[in-house]
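Structure first, commentary second.
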Amino acid sequence: MPQITLTPIGVVHNEVAGPKHEGWEEVVSEIILAPGLRHALEGIGGFSHLLVLTWLHQVLQEKRSLLQIHPMDREDVPLVGVFATRTQYRPNPIGVSIVRLLERRDHILVVRGLDALDGTPVLDIKPYAPHHEPSGPVTVPEWVSRLHDARH
């Protein structure tokens, strides 16, 4: 396979220093972009939500080789492949979050709900537009619904 090189466009700044399983929906973060990218943010204020891709830089190399896990470390949930989960333990620890845009200040975005630690590199930002999402019913396995219900 070809080698891929990515250059971060910015970094996350927030008060979260270590891993956490839940509570991300209330975390307020700043995404501090390289100042030279400020013009790339023109028009972004018209969107309420953004899709943010991050590089989960604190995931240990040995965790990147895991192929199967029990989601949320719960033994009562089936052992599944990492590509069937949203775990950070994957060959390429790329994080994907849909966040609420609270404010733009020059080359800084203030967002709520970004599940990334302080210092996490940001790879890309895209506006969230519902018409790009699937139409019609979406299905998930029973254990995903069970995990969601337990958290809410």
Side-chain angles (χ1 to χ4, degrees), residues 3-61 63-64 66 69 71-74 77 80-141 143-152:
Q3 188 71 358
I4 298 172
T5 302
L6 298 173
T7 302
I9 61 169
V11 66
V12 174
H13 177 65
N14 60 30
E15 300 297 320
V16 184
K20 57 191 260 169
H21 278 298
E22 44 190 64
W24 289 106
E25 59 277 353
E26 296 305 318
V27 173
V28 174
S29 301
E30 290 183 334
I31 299 173
I32 303 170
L33 296 180
L37 295 175
R38 76 172 55 69
H39 296 298
L41 294 173
E42 291 303 320
I44 205 162
F47 293 90
S48 65
H49 290 77
L50 305 172
L51 184 67
V52 180
L53 287 90
T54 56
W55 185 262
L56 306 177
H57 66 298
Q58 291 193 14
V59 174
L60 299 174
Q61 189 64 42
K63 296 288 189 176
R64 295 181 190 180
L66 292 176
I69 63 164
M72 304 293 288
D73 297 323
R74 288 184 38 179
V77 176
V80 295
V82 295
F83 297 143
T85 75
R86 302 267 320 232
T87 184
Q88 69 272 25
Y89 304 137
R90 48 201 330 107
N92 289 315
I94 296 172
V96 177
S97 299
I98 296 174
V99 301
R100 174 171 286 283
L101 176 60
L102 302 176
E103 178 184 4
R104 175 194 171 191
R105 297 188 312 263
D106 194 40
H107 65 284
I108 299 171
L109 299 174
V110 181
V111 301
R112 177 176 285 128
L114 179 58
D115 58 343
L117 304 178
D118 185 56
T120 298
V122 176
L123 301 176
D124 201 4
I125 298 167
K126 299 176 184 289
Y128 177 81
H131 64 272
H132 288 154
E133 299 306 313
S135 60
V138 175
T139 60
V140 298
W143 61 265
V144 172
S145 297
R146 191 164 18 116
L147 286 175
H148 178 270
D149 292 346
R151 291 173 47 193
H152 296 95

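As the structure is a prediction and not an experimental result, all values here were calculated from the model.
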Checklist entry - Can L114 and V27 be said to form a side-chain contact (heavy atoms from CB on, under 4.5 Å), step by step? => result CA-CA 7 Å; L114 179 58; V27 173; over 6 Å; no
Checklist entry - Given the rule in the side-chain contact (heavy atoms from CB on, under 4.5 Å) test, do L109 and V99 qualify, once you have shown the distances and angles that lead to the verdict? => result CA-CA 11 Å; L109 299 174; V99 301; over 6 Å; no
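Atom CZ of R74 is surrounded by more than 12 heavy atoms from other residues, nucleotides or ligands within 6.0 Å.
In this structure a side-chain-to-backbone donor-acceptor pair under 3.5 Å is present from N14 to D118. A donor-acceptor pair under 3.5 Å is absent between the side-chain atoms of R146 and the main chain of P141, judged by distance alone. Side-chain atoms of T87 come within 3.5 Å of backbone atoms of Y89 as a donor-acceptor pair (strictly under, hydrogens ignored).
Here the shortest heavy-atom pairing between L102 and V111 reads CD1-C, 4.1 Å. Of all heavy-atom pairs spanning A17 and Q58, the tightest one is O-OE1, 4.3 Å. In plain terms, the two heavy atoms of F47 and Y128 that are nearest each other are CD2-O, 3.8 Å. Of all heavy-atom pairs between P71 and V80, the closest is CG-CG2, 3.8 Å. In terms of heavy atoms, R64 sits closest to L56 at NH2-O, 4.4 Å.
How far NE2 of H107 is from CD of E30: 9.5 Å, rounded to the nearest 0.5 Å. If you take CD1 on I108 and CG on L33, they are separated by 8.5 Å, rounding to the nearest 0.5 Å. Expressed to the nearest 0.5 Å, how far CG of D106 lies from CG of L37 amounts to 11.0 Å. Taking CG of L117 as the start and CD of E15 as the end, the distance is 12.5 Å to the nearest 0.5 Å. The CG atom of L101 sits 5.0 Å away from atom CG of L50, with the distance rounded to the nearest 0.5 Å. Interatomic distance, CE of M72 versus CZ of R86, reported as 12.0 Å (0.5 Å rounding).
Proximity of V77 to L147: side-chain heavy atoms (C-beta onward) are separated by under 4.5 Å at one or more points. Contact annotation: the side chain of V122 never approaches that of P8 to less than 4.5 Å [non-hydrogen atoms, C-beta and beyond]. Put simply, the side chain of W24 does not reach to within 4.5 Å of the side chain of S29, judged on heavy atoms. In this structure, the side chains of T85 and R90 come closer than 4.5 Å at one or more pairs of heavy atoms. The shortest distance between side-chain heavy atoms of S97 and T54 does not fall below 4.5 Å. W55 has its side chain within reach of I94: a pair of non-hydrogen atoms, C-beta onward, lies under 4.5 Å apart.
Ion pairing of R104 with E42 is present here, as a side-chain N (NZ or NE/NH1/NH2) and a carboxylate O approach within less than 4.0 Å.
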